[in-house]
J.: 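Quick one: the structure is below, and I'll ask about it shortly.
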2 protein chains.
Amino acid sequence: MTTRDPRATGLARLAGLFADETRAACLLALLDGRAWTASELARHAGVAASTLSEHLSRLVAGGLLAEERQGRHRYVRLADARIAQLVEDLAAQVAPGTAVRPRSLRESSAGSAMARGRTCYDHLAGRLGIAVTDALTARGLLQQETGFALTDTGVAWFASAGIGLERRGRRPLARACLDWTERRPHLAGVAGAALCRHALDAGWCVRIGSERAVKVTAAGEQAFFDLLGVETAALL
Amino acid sequence: MTTRDPRATGLARLAGLFADETRAACLLALLDGRAWTASELARHAGVAASTLSEHLSRLVAGGLLAEERQGRHRYVRLADARIAQLVEDLAAQVAPGTAVRPRSLRESSAGSAMARGRTCYDHLAGRLGIAVTDALTARGLLQQETGFALTDTGVAWFASAGIGLERRGRRPLARACLDWTERRPHLAGVAGAALCRHALDAGWCVRIGSERAVKVTAAGEQAFFDLLGVETAALL
DNA sequence: CGGACCGTTCGGCCGCCGCCGAAGTGTCCC
DNA sequence: GGGACACTTCGGCGGCGGCCGAACGGTCCG
């Protein structure tokens with residue numbers, strides 16, 4: 001028996017964590033960046049609580065999830081932005097033919113709300129995210145010609161809008177995230193997260209229900225138009 | 001029985017292709033960007049030809065590999081640059097603690113040659129790739145401050161060096177690829193591929209044996225120094 | 001034509017893993 | 001204290017999937 005390449009072993013082990021429909025459903029759900037309880041995820045995935053408990057333990061042990069125990073609850077969330085990006089990257093590869101078809105009126109409207117605007121871990125996605133990214137690009141604040149980066153005027157724009165861009169760790173300031181509904185890149189990274197956070201803090205957007213979908217408020221409609229010329233009302 | 005989210009199903013199926021040590025070893029080997037025969041991969045992975053045949057069929061069916069039959073040979077390679085990127089991304093997540101420890105003198109020298117310079121699908125990696133990326137950045141040809149993109153002078157530099165940058169499809173001009181030995185970003189994307197191709201065509205580098213490792217020639221040493229100020233002799 | 005070689009198909013074996021329900025532990029709240 | 005609740009552990013079941021060797025089909029070459 002030959003000794004095997006440890007990198008292959010590690011890769012297989014990591015991929016194995018994703019290679020189960022129930023765990024995959026959990027990871028996708030957790031892409032909203034929030035912390036879920038074990039029972040919420042069990043209901044979401046449609047399996048027994050005992051089954052899900054074991055899945056969570058594996059995901060935590062594998063470093064994909066961080067957990068936080070509070071009383072009788074076990075909250076889990078994606079471990080960090082790098083893990084979130086990995087989930088996004090994998091999910092983006094899948095999408096090409098895999099459109100999500102709604103199965104009920106309620107899901108249908110929830111689905112179209114998701115397609116209109118949502119968060120993707122910590123930044124804006126959906127048509128809203130893309131519209132913002134396009135607007136930034138059209139105004140010369142972001143450039144995608146020779147890579148993907150904020151321009152000097154782009155950095156100044158964030159400052160003037162009062163949106164702080166604090167670099168922490170090695171996370172890139174701007175990064176492209178491929179949207180799984182639109183198949184187009186949108187702004188992620190520190191700048192994407194800061195913009196999303198500001199939009200929520202300033203009341204430009206509010207979360208719909210407890211899901212990932214977000215809705216643009218009247219104030220947000222004004223702000224997006226004034227600052228970027230984005231007609232959010234035309235997004236649907 | 002409830003109907004499941006098709007995205008979770010697809011994600012699990014995709015990840016399942018990576019979630020086997022033998023298939024993972026194949027994918028990592030194929031990161032050299034070349035086409036391998038089934039028996040070469042079987043020997044590399046240490047399994048029977050029959051076993052590997054089935055693995056290849058699954059990988060091809062899953063869209064990860066492209067195959068080309070020639071006579072009695074079955075050549076396979078990674079399907080495209082996006083797949084290569086996905087393999088890189090997953091492998092990069094694994095690396096943190098997983099250093100590849102050499103098991104023999106031959107592997108040891110091959111390993112250090114790999115760490116010194118190699119190709120990563122279609123661009124330069126290893127310490128050579130990082131040195132080139134750092135030099136481009138230090139000279140203001142590439143900027144990583146607000147994202148990852150070539151600067152205007154960077155685009156001009158490629159032109160003046162006679163390295164064509166033909167955009168084709170949606171592949172980004174410049175993209176960061178995280179090196180699994182050095183844990184630092186290096187240039188990938190169209191520019192990275194063009195630079196690597198030029199280095200091989202112009203004889204700056206030659207492949208060592210039939211593996212991914214590359215060696216800088218005397219002419220290359222001169223060229224890298226003249227064009228970028230990189231002291232390739234100091235790489236080890 | 002015959003032998004060497006590459007790859008594939010098939011049957012069978014074995015182990016892993018996802019699933020559940022039942023029972024147990026700990027927490028919260030009345 | 002007692003009951004409801006969130007989660008975990010355990011045993012057992014069933015299926016999937018990776019592995020091999022043997023037999024077979026195709027291709028190349030002498």
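Note: hydrogens, waters and symmetry copies are ignored here, and every other heavy atom, side chains too, is used. All figures in this text were calculated on a predicted structure; none of them were measured in a lab. Letters A, B, ... mirror the listed sequences (proteins, then strands); counts begin at 1.
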J.: Under the criterion side chain to side chain donor-acceptor pair (under 3.5 Å), I'd like the reasoning laid out for A:Thr119 against A:Arg207: C-alpha separation, chi angles, the key distance, then a yes or no.
T.: CA-CA 9 Å; A:Thr119 53; A:Arg207 291 194 184 275; 3.1 Å; yes
J.: Considering only NZ, NE, NH1 and NH2 on the basic side and carboxylate oxygens on the acidic side, decide whether B:Arg77 and B:Asp32 come within less than 4.0 Å.
T.: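 Result for this pair is no, no salt bridge flagged.
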J.: Considering only heavy atoms from C-beta outward, does the side chain of B:Arg7 approach that of A:Val94 to under 4.5 Å?
T.: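 No, too far: nothing below the 4.5 Å cut-off.
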J.: For B:Arg43 and C:dC6, what is the distance between atoms CZ and C1' respectively, to the nearest whole Å?
T.: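 Atom-to-atom, B:Arg43 to C:dC6, this comes out as 12 Å.
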J.: Between P on C:dG7 and CD on B:Glu40, what's the gap in Å once rounded to a whole number?
T.: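 From B:Glu40 CD to C:dG7 P: 8 Å.
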J.: Taking the side chain as C-beta and beyond, is there a heavy-atom pair between A:Leu187 and A:Leu124 under 4.5 Å?
T.: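 Not touching, per the 4.5 Å side-chain cut-off.
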J.: Measure CD/A:Glu21 against P/D:dG15 and give the value in whole Å, please.
T.: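 The distance from CD of A:Glu21 to P of D:dG15 comes to 17 Å, rounded to the nearest Å.
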J.: Give the residues of residues 62-73 of chain A touching DNA chain D, defined as any heavy atom closer than 4.0 Å, sorted by residue number.
T.: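 Correct list: A:Arg69, A:Arg72, A:His73.
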J.: Does a salt bridge link A:Arg34 with A:Asp122, judged by any charged N lying under 4.0 Å from a carboxylate O?
T.: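 No.
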J.: Less than 4.0 angstrom from a charged side-chain N to a carboxylate O is my criterion; do A:Glu221 and A:Lys215 meet it?
T.: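 No.
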J.: Which residues, if any, of residues 48-61 of chain A bring a heavy atom under 4.0 Å of DNA chain C?
T.: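 Close to the strand are A:Ala48, A:Ser50, A:Thr51, A:His55, A:Arg58.
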J.: Does C:dC5 have OP1 or OP2 sitting under 4.0 Å from an N or O in the side chain of B:Ser39?
T.: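 So the side-chain polar atoms of B:Ser39 never come under 4.0 Å of the phosphate oxygens OP1 or OP2 of C:dC5.
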J.: Tell me which of A:Asp20 and B:Ala38 sits closer to the 5' end of DNA chain C, going by the nucleotide each one is nearest to.
T.: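 Nearer the 5' end of the strand: B:Ala38.
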J.: Mind calculating the distance between CZ (B:Arg74) and P (D:dG25) to the nearest angstrom?
T.: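 Atom CZ in B:Arg74 sits about 19 Å away from atom P in D:dG25.
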J.: Are the charged groups of B:Arg74 and B:Glu68 less than 4.0 angstrom apart, N to O?
T.: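 Not counted as a salt bridge, because no side-chain N and carboxylate O are separated by less than 4.0 Å.
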J.: Determine: side-chain N/O of A:Thr37 to OP1/OP2 of D:dA6, distance under 4.0 Å, yes or no.
T.: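 For D:dA6, OP1/OP2 do not have a side-chain N/O of A:Thr37 under 4.0 Å.
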J.: Centroid separation under 6.0 Å, is that true for the rings of B:Phe224 and B:Trp204?
T.: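 Aromatic pair counts; centres sit under 6.0 Å.
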